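Since the structure comes first, as structure tokens, the remarks are kept for the end.
So that the names make sense, note that chain A is the first sequence line, chain B the second, and so on, each numbered from 1. All of these numbers come straight from a predicted model, not from anything done at the bench.
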Amino acid sequence: KAGVTQTPRYLIKTRGQQVTLSCSPISGHRSVSWYQQTPGQGLQFLFEYFSETQRNKGNFPGRFSGRQFSNSRSEMNVSTLELGDSALYLCASSFGGSSTDTQYFGPGTRLTVL
Amino acid sequence: GDSVTQMEGPVTLSEEAFLTINCTYTATGYPSLFWYVQYPGEGLQLLLKATKADDKGSNKGFEATYRKETTSFHLEKGSVQVSDSAVYFCALSDLGANSKLTFGKGITLSVRP
């Protein structure tokens, strides 16, 4: 079974631009979560989608948004990029989206904002 | 709110040494507990998990026991290998929080031959 895939793997943008990251979960998984990883703040939860509905949202500004499609694929968008948005963005999927489920992570998208 | 505290790192050990990485948590409900590992340039991989008190998770020689009385989930391995060098994250997912994982800061383990 294929794992979680994320595209692109690397992105370089400039301040003020916007970016869209994509995540394809493991086949059959209905829950997709997004995390931001930085050296200073560690791993922080962005949001979670289940069956196209956002169920949970972390403490990030409204510039960060996401959506999930009917095939469970998910995208996250960051508008008006800031230098501090440079990070590794990780996507994770799980089958049922419960607190006991194992989440499987993709390799991440490395975003650099210049 | 929920939080996870891991011991400060980094940790450097010789091959075949005993490993303990401490992890304590604060949660409002009944969390599930996880250890994830991250190798350089990769995403996170689940190492082991426990979903209720007194459960022991184990995988690849690593073990951790869910201790509700001490709110801890310490990771142990009897004999580490060079290939265990990675960053280790303790995490929790609280009942009612769906899939949201709250992570500790992670600790870098380096194992010398």
Side-chain angles (χ1 to χ4, degrees), chain A residues 3-7 9-10 21 23-26 29-51 53-60 68 72 74 87-110, chain B residues 1-10 23 25 27-53 55 57-60 64 66 73 86-108:
Chain A
V4 177
T5 58
Q6 293 187 244
T7 56
R9 291 292 311 275
Y10 301 92
L21 312 181
C23 171
S24 292
I26 291 171
H29 284 193
R30 295 177 294 171
S31 170
V32 174
S33 299
W34 289 88
Y35 295 84
Q36 182 195 65
Q37 184 176 24
T38 60
Q41 299 299 315
L43 281 152
Q44 294 186 285
F45 173 78
L46 280 156
F47 26 67
E48 184 227 353
Y49 288 87
F50 183 86
S51 294
T53 300
Q54 186 183 89
R55 295 200 302 186
N56 233 329
K57 190 176 190 310
N59 190 25
F60 278 81
Q68 186 181 34
S72 293
S74 177
L88 180 66
Y89 290 88
L90 293 165
C91 165
S93 76
S94 67
F95 176 71
S98 79
S99 62
T100 59
D101 281 356
T102 296
Q103 291 196 54
Y104 297 86
F105 283 80
T109 294
R110 171 76 61 185
Chain B
D2 298 340
S3 67
V4 175
T5 302
Q6 290 185 234
M7 59 185 276
E8 296 284 326
C23 171
Y25 68 88
T28 54
Y30 298 94
S32 295
L33 302 174
F34 304 83
W35 277 100
Y36 279 88
V37 60
Q38 187 174 35
Y39 298 99
E42 298 184 14
L44 277 69
Q45 299 176 25
L46 178 71
L47 185 58
L48 52 83
K49 73 177 186 181
T51 59
K52 61 183 188 296
D55 268 1
S58 61
N59 185 28
K60 298 180 183 179
Y66 187 167
F73 193 54
V87 182
Y88 291 80
F89 294 92
C90 184
L92 71 82
S93 182
D94 211 348
L95 187 67
N98 300 316
S99 295
K100 176 186 174 183
L101 285 168
T102 299
F103 286 92
K105 289 193 177 299
I107 186 168
T108 300

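- Within a 6.0 Å sphere centred on CZ of A:Phe95, other residues, nucleotides and ligands contribute 12 heavy atoms or fewer.
- In this structure, CD in B:Gln38 is found 9.0 Å from CZ in A:Phe105, a value given to the nearest 0.5 Å.
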Check against side-chain contact (heavy atoms from CB on, under 4.5 Å), B:Tyr30 and A:Thr100: CA-CA 10 Å; B:Tyr30 298 94; A:Thr100 59; over 6 Å; no
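- Contact of A:Arg9 with chain B is made through the side chain alone, with heavy-atom distances under 4.5 Å.
- Residue-environment remark: NZ (B:Lys52) stays at or below the threshold of 12 foreign heavy atoms within 6.0 Å.
- Looking at A:Thr102 and B:Lys49, their side chains do bring a donor and an acceptor atom within 3.5 Å of each other.
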Test side-chain contact (heavy atoms from CB on, under 4.5 Å) applied to A:Leu43 and B:Leu44, step by step: CA-CA 11 Å; A:Leu43 281 152; B:Leu44 277 69; 3.8 Å; yes
Audit row: A:Phe45, B:Phe103, ring pair (Phe, Tyr, Trp, His ring centres under 6.0 Å) steps and yes/no: CA-CA 9 Å; A:Phe45 173 78; B:Phe103 286 92; 9.9 Å; no
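- Partners of B:Ala27 according to the side chain to side chain contact (heavy atoms under 4.5 Å, CB included) rule, which considers only residues two or more places apart in sequence or in another chain, are B:Asp2, B:Tyr25, B:Pro31, B:Leu92, B:Asp94.
- Interatomic distance, A:Leu90 CG to B:Leu101 CG, rounded to the nearest 0.5 Å: 11.5 Å.
- Put simply, of B:Gly41, B:Ala91, B:Gly43, B:Gly104, the one with the most heavy-atom pairs under 4.5 Å next to chain A is B:Gly43.
- Residue pairs meeting the salt bridge (Lys or Arg N to Asp or Glu O under 4.0 Å) criterion with at least one member in residues 39-49 of chain A, sequence neighbours excluded, are A:Glu48-A:Arg55.
- Only the backbone of A:Asp101 comes within contact range of chain B, with at least one heavy atom under 4.5 Å from a heavy atom of that chain.
- At a 4.5 Å heavy-atom cutoff, the contact between A:Gln37 and chain B is made by side-chain atoms alone.
- With no hydrogens or angles considered, a side-chain donor-acceptor pair links B:Ser99 and A:Ser31 at under 3.5 Å.
- Neither the backbone nor the side chain of B:Gln45 comes within less than 4.5 Å of any heavy atom of chain A.
- In this structure, the portion of A:Tyr35 lying under 4.5 Å from any heavy atom of chain B is its side chain and not its backbone.
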side-chain contact (heavy atoms from CB on, under 4.5 Å) evaluation trace for B:Leu46 with A:Gln103: CA-CA 8 Å; B:Leu46 178 71; A:Gln103 291 196 54; over 6 Å; no
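- At most 12 heavy atoms of other shown residues, nucleotides or ligands fall within 6.0 angstrom of atom OH in A:Tyr104.
- Only the side chain of B:Phe89 has a heavy atom closer than 4.5 Å to any heavy atom of chain A.
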